[in-house]
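Have a look at the structure below, then the notes.
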Protein chains: 2
Amino acid sequence: MGVSLRDIAERAGVSLATVSNVVNGYRPVGERTRQRVQQAVDELGYSPNLSARHLRRGRTGLIALAIPELNNPYFAELAEIAIREAAGLGYTLVMENTAADREAELLLLDGSRRHIIDGLIFSPVRIGREEVLARTADSPLVLIGEGVHDVPHDHIAIDNVAASQAAIQHLVEIGRRRIAFIGAADGGDRQSAHLRLRGYREALAAAGLPYRPRLVAGTPEFGRRDGRTAMRDLLALGEPPDAVFGYNDLVAVGALRALTEAGHRVPEDVAVIGIDDIEEGLFSTPTLTTIAPDKEAIGRLAVRRLVARIEGAEVTDALTVQTPFRLIRRESTCGRRGGNSGAVAPPFRYRPPDGS
Amino acid sequence: MGVSLRDIAERAGVSLATVSNVVNGYRPVGERTRQRVQQAVDELGYSPNLSARHLRRGRTGLIALAIPELNNPYFAELAEIAIREAAGLGYTLVMENTAADREAELLLLDGSRRHIIDGLIFSPVRIGREEVLARTADSPLVLIGEGVHDVPHDHIAIDNVAASQAAIQHLVEIGRRRIAFIGAADGGDRQSAHLRLRGYREALAAAGLPYRPRLVAGTPEFGRRDGRTAMRDLLALGEPPDAVFGYNDLVAVGALRALTEAGHRVPEDVAVIGIDDIEEGLFSTPTLTTIAPDKEAIGRLAVRRLVARIEGAEVTDALTVQTPFRLIRRESTCGRRGGNSGAVAPPFRYRPPDGS
DNA sequence: CTGAAAGCGCTAACAT
DNA sequence: ATGTTAGCGCTTTCAG
């Protein structure tokens with residue numbers, strides 16, 4: 001094994017506790033003593049054994065971020081932010097991919113892994129309020145996304161209904177009337193798909209447009225392939241749509257591809273919009289108009305709330321934060337070519353998050 | 001705290017050691033005893049405290065995967081595979097994003113984090129052989145990618161020179177003569193960029209084509225933006241190229257975008273090929289021809305080798321494995337439209353990896 | 001086949 | 001300001 005506190009203590013001629021205090025700064029230490037200890041630490045190359053520390057403290061220093069699709073760039077970007085934030089606070093973040101699987105989600109809530117992590121940031125899609133309430137593990141839980149509401153845990157998400165409305169409103173403003181939605185949850189269990197569908201319907205109503213069920217396409221999952229397949233089906237309709245709202249950017253990219261393959265012009269024949277603002281949408285042909293959530297805010301806030309809870313801030317009630325989003329207009333709805341960065345509209349709606 | 005071995009032991013009226021043996025199966029246990037213990041475990045809901053186990057065993061059950069760009073879908077896909085494989089072997093994988101930063105890479109090799117992980121899978125890009133040899137940490141290390149060679153560690157990678165050659169050869173076969181390369185390492189420290197450049201040069205020579213330094217574009221990093229910028233520069237040349245080989249798919253996608261913006265047709269005017277086979281290339285317009293490494297093999301092998309070392313297989317020498325790759329022809333070099341999955345060429349070169 | 005007991009390295013309560 | 005000491009929960013000899 002490596003160098004332990006005891007080795008340092010002997011070398012420096014002091015007690016274990018003193019070394020610990022020099023290393024961690026729990027208690028003040030005399031200047032001369034500190035120097036002797038520091039020297040020993042440097043010479044022997046000490047670094048603490050985390051297993052021991054964690055055993056003693058009852059914490060592991062690990063937090064988990066559980067997401068339904070690691071392959072979705074949106075989550076990859078979110079993960080990157082969260083990892084950075086966690087590291088800054090002295091925690092190591094491990095990623096758990098539930099693959100949108102119900103069993104995996106249940107296991108995460110109460111499985112044996114729970115003993116290895118101090119807290120969990122969770123984006124559930126296949127379980128509901130009941131399951132979260134039934135959880136027995138007592139480590140802090142922060143929810144992200146719209147999967148579950150009204151549970152006694154911190155919760156961070158954008159307002160999906162409002163986001164959808166913003167998307168549809170934009171399509172209406174550029175003169176579209178037959179607006180399709182791709183990515184309604186087929187199985188019926190992805191809450192955010194329902195909310196985005198609701199926003200779609202409400203925005204249509206507000207614009208005085210009829211709701212046509214045939215223009216709503218369900219998808220088994222929410223990747224590029226799903227978007228492409230659904231778009232093909234939509235095109236097979238007698239009268240195809242003149243605009244498409246994708247559940248997310250991945251679905252929208254798939255729709256884009258199907259349209260191109262079928263020889264339709266975007267946005268002239270069909271306009272396309274998504275949600276997530278993944279970098280890919282800035283480079284697709286045409287570039288993709290999107291609703292951009294504030295990933296930075298979501299990732300950082302989630303980690304900060306979680307760490308605050310872990311470190312004992314039981315004071316506040318569970319709080320729900322709506323993070324801001326904005327509409328980014330690009331070629332897929334505007335028809336401009338050659339722009340190298342989508343024009344940024346002023347925030348459609350901005351609710352400044354409550355700092356941790 | 002939770003339920004401990006002691007709780008179970010008391011409940012079942014046996015000793016600690018027996019419970020441990022029932023739970024872990026280290027030693028045989030009498031049938032009746034085992035049942036009593038099992039019952040207690042079920043009733044009380046025991047699951048082992050990993051910190052304690054790790055302290056005792058001197059291992060943490062954590063392995064790290066350190067990559068230079070989490071945002072690159074290639075690495076995200078690789079990570080997903082590795083996480084799955086690690087979980088199957090009873091390990092938790094944590095991701096470390098070095099962001100291609102030299103300091104971050106050095107820290108990983110010898111920093112304090114090393115005490116928290118049992119082993120490291122590392123894709124270095126800014127450090128070289130010397131630094132790896134100078135490493136003092138003694139936990140197992142598996143290298144992936146071409147960053148560092150000839151060190152006493154297991155190493156898994158594709159043959160970058162051969163991969164480049166395959167790419168160039170393909171471009172030559174479809175009649176291209178002015179072939180550019182985007183993604184030479186500007187700073188000069190990304191080894192794989194050098195190797196891919198070498199393959200490019202050798203393949204040009206083999207085809208009897210001249211090497212034109214002006215057709216080689218360096219990039220500061222290797223993302224979509226870099227590809228786009230470099231492509232623009234290339235187009236500003238008096239006589240632009242008729243084909244482009246991107247360091248990776250991301251760079252190629254950026255080049256694709258620059259070409260489209262500038263009004264060039266792909267592949268008629270300029271053919272484009274990349275390396276990595278990210279899903280995005282299957283949905284871009286045009287779809288992207290690419291050299292596809294066997295990510296599944298790389299990810300699984302890396303984890304398996306590492307775990308084998310951790311668990312004491314000191315027997316074999318460090319082994320270097322070349323994983324297979326293949327050329328996938330899509331629209332960006334073939335001009336076919338409407339195909340929904342790129343035609344798959346037979347493997348250009350296949351070296352079956354040595355199973356762990 | 002089962003039990004008793006010695007720590008793994010660290011922190012924190014209690015002394016001095 | 002510093003030292004002593006009792007465990008955290010587990011694995012693993014060594015005895016029976």
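In what follows, chains carry the letters A, B, and so on, assigned in the order in which the sequence lines appear, proteins first and then strands, with residues in each chain numbered from 1.
Between the OG1 atom in T323(B) and the CD1 atom in I298(B) there is a gap of 3.5 Å [rounded to 0.5 Å].
Straight-line distance from the CD atom of E31(A) to the C1' atom of dT2(D): 15 Å, rounded to whole Å. Rounding to whole angstrom units, CG of residue N49(B) and C1' of dG7(D) are separated by 14 Å. For R59(B) and dG9(C), the CZ to C1' distance is 18 Å, given to the nearest whole Å. If you take CG of N21(B) and P of dC1(C), they are 11 Å apart, rounded to a whole angstrom. Going from atom CG of L5(B) over to atom P of dA5(C) covers 17 Å, rounded to whole Å. In this structure, H54(B) places its NE2 atom 12 Å from C1' of dG9(D), rounding to the nearest Å. One atom, CZ of R6(B), and another, C1' of dA4(C), lie 12 Å apart when rounded to the nearest Å. Distance CD (Q35(B)) to P (dC1(C)): 15 Å, rounded to an integer number of Å.
Counting non-hydrogen atoms under 4.0 angstrom, N24(A) reaches the backbone sugars and phosphates but no base. Nucleic acid contact for T33(A): sugar-phosphate only, since backbone atoms but no base atoms lie under 4.0 Å from a heavy atom of the residue.
In this model, the phosphate group of dG3(C) is approached by a side-chain N or O of S15(B) to a distance below 4.0 Å at OP1 or OP2.
When all heavy atoms of E105(A) and A100(A) are compared, the pair lying nearest together is OE2-CA, 4.4 Å. Between T98(A) and F122(A), the shortest heavy-atom contact is CG2-CE1, 4.2 Å.
Looking at S139(B) and D118(B), their side chains never bring a donor and an acceptor atom within 3.5 Å of each other. Side-chain contact annotation: Q35(B) with Q39(B), donor-acceptor N/O pair under 3.5 Å absent.
When each of dA1(D), dG9(D), dT2(C) is scored by its nearest atom to the side-chain atoms of V29(B), the top-ranked nucleotide is dT2(C). Here the side chain of L55(B) is nearest to one of dG3(C), dC10(D), dC8(C), namely dC8(C). The side chain of Y46(A) approaches dC10(C) more closely than any other nucleotide in the set dG3(C), dC10(D), dC10(C).
By the 4.5 Å heavy-atom criterion applied to side chains, Y46(A) and V19(A) are not counted as neighbours.
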Please tabulate the protein-to-nucleotide N/O contacts below 3.5 Å involving nucleotides 12-16 of chain C, giving atom names and distances.
{"residue": "dC14(C)", "atom": "N4", "partner": "R27(A)", "partner atom": "NH1", "Å": "3.1"}

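Under the side chain to side chain contact (heavy atoms under 4.5 Å, CB included) test applied with I63(B), the options V94(B), I310(B), L120(B), L89(B) reduce to a single match, I310(B).
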